[in-house]
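Here it is, the structure in full.
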Amino acid sequence: GLVPVDAALATALLRACPHLQEDAAAHRREHAIEVQLPFLQLAAPGFSFVPIALGTSHFEVLHGLGEALAEVLKREQRSVLILASSDMNHYESDEVTRLKDRAALEPILALDAQGLYDVVFRKRISMCGFGPAVATLTAARSLGAASAQLVRYATSAEVSGDCERVVGYAGVIIA
């Protein structure tokens with residue numbers, strides 16, 4: 001279905017974060033939004049959204065985006081959901097993936113954006129959306145979030161039976 005972009009919020013974010021720019025091509029090969037939108041359409045019919053695709057791994061830029069998100073959302077007169085989408089570790093054994101994912105989940109659950117960034121690079125965790133997670137953790141802390149809860153964790157081995165090349169998945173709610 002069709003979901004409208006919140007143009008006013010998008011414009012405010014573009015003004016608040018100098019690293020953001022409109023770029024339709026950035027979304028052509030990105031699949032996170034197409035995975036999330038059907039769930040959101042069921043949960044909140046009639047919503048609008050602002051898609052952000054990140055093409056950087058520089059902490060300062062990711063942190064700056066998180067701060068800009070918080071700055072803009074503090075001025076909003078309505079509730080806004082920030083949703084970051086990412087798989088966890090990719091294509092290693094189930095055992096290795098679980099260890100790496102646990103290492104990444106620890107700073108996420110501690111709302112520690114710098115800790116997540118550091119562990120992803122130090123342990124070579126192939127978490128494709130760590131950038132959005134870093135920006136989201138930064139924004140959440142700035143907006144007053146006090147806790148994060150792991151809703152569910154699994155690997156693809158639980159469905160496929162293949163324990164040699166798995167992908168990890170986690171659902172976390174920050175409040």
Side-chain angles (χ1 to χ4, degrees), residues 2-88 103-122 125 127-151 169-175:
L2 298 176
V3 180
V5 170
D6 185 325
L9 185 56
T11 299
L13 287 169
L14 285 167
R15 285 189 187 127
C17 185
H19 295 287
L20 289 179
Q21 61 185 6
E22 277 193 73
D23 183 359
H27 296 278
R28 286 197 184 113
R29 297 179 55 98
E30 173 52 49
H31 59 274
I33 291 172
E34 70 188 37
V35 172
Q36 300 302 331
L37 285 178
F39 293 106
L40 294 169
Q41 287 172 310
L42 286 173
F47 76 98
S48 60
F49 77 119
V50 177
I52 300 173
L54 295 176
T56 184
S57 61
H58 296 290
F59 182 79
E60 297 76 21
V61 175
L62 300 170
H63 180 77
L65 171 58
E67 289 294 328
L69 278 166
E71 174 189 322
V72 169
L73 295 182
K74 284 175 184 174
R75 295 190 301 257
E76 282 294 308
Q77 300 297 317
R78 60 200 163 127
S79 294
V80 177
L81 171 70
I82 302 172
L83 189 143
S85 183
S86 177
D87 297 335
M88 299 298 287
L105 284 167
E106 284 178 15
I108 291 171
L109 295 174
L111 304 177
D112 181 1
Q114 182 74 59
L116 173 61
Y117 183 87
D118 292 344
V119 78
V120 163
F121 284 97
R122 188 174 64 252
I125 301 171
M127 182 179 170
C128 55
F130 79 89
V134 165
T136 296
L137 289 170
T138 301
R141 288 293 292 257
S142 185
L143 290 166
S147 66
Q149 175 188 0
L150 178 64
V151 176
Y169 304 96
V172 176
I173 296 174
I174 300 171

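Computation of the quantities below employed the complete heavy-atom set of this structure, encompassing side-chain atoms and omitting hydrogens, waters and symmetry-equivalent molecules.
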Closest heavy-atom pair, T138 versus A113, reported as atoms and distance to 0.1 Å, is OG1-CB, 3.4 Å
Distance-only check: which donor-acceptor pairs under 3.5 Å involve side-chain atoms of residues 53-69, not counting sequence neighbours?
unit_1, atom_1, unit_2, atom_2, d
T56, OG1, H58, N, 3.2

> Can you list the steps and then say if L73 with L143 is a side-chain contact (heavy atoms from CB on, under 4.5 Å)?
Replying inline: CA-CA 8 Å; L73 295 182; L143 290 166; 4.2 Å; yes
What pairs of donor and acceptor atoms, side-chain ones from residues 77-84 against any protein atom, are under 3.5 angstrom apart with sequence neighbours left out?
unit_1, atom_1, unit_2, atom_2, d
R78, NE, E76, OE1, 2.6
R78, NH1, D6, OD2, 3.0
R78, NH2, D6, OD2, 2.5
R78, NH2, E76, OE1, 3.1

TODO: Kindly indicate, with the supporting measurements, whether the criterion side-chain contact (heavy atoms from CB on, under 4.5 Å) is fulfilled by R75 and V72.
DONE: CA-CA 6 Å; R75 295 190 301 257; V72 169; 3.7 Å; yes
Minimal heavy-atom distance between M127 and A133, with the atoms involved, is CE-CB, 4.0 Å
Distance col, row F130:CZ vs I125:CD1, nearest 0.5 angstrom, shows 10.5 Å
- Message: With a 4.5 Å cut-off on side-chain heavy atoms, are V5 and P51 touching?
- Response: yes
Do L137 and L116 have side chains that get closer than 4.5 Å, going by heavy atoms? yes
So CG of L20 and CG of L14: to nearest 0.5 Å the spacing works out to 6.0 Å
Of all heavy-atom pairs linking A148 and L111, the shortest is CB-CD2, 3.8 Å
Nearest heavy-atom contact between P107 and V119 is CG-CG1, 4.0 Å
Value for CD1 (I52) from SG (C17), rounded to nearest 0.5 Å, stands at 8.0 Å
CG (L105) and CE (M88) are apart, to the nearest 0.5 Å, by 4.0 Å
Separation between CD1 (I33) and OG (S85), nearest 0.5 Å, reads 9.0 Å
Side-chain contact test, heavy atoms from C-beta onward, threshold under 4.5 Å: evaluate it for F49 versus Q36 and give yes or no.
no
dist Q149:CD -> I174:CD1 (nearest 0.5 Å) comes out at 11.5 Å
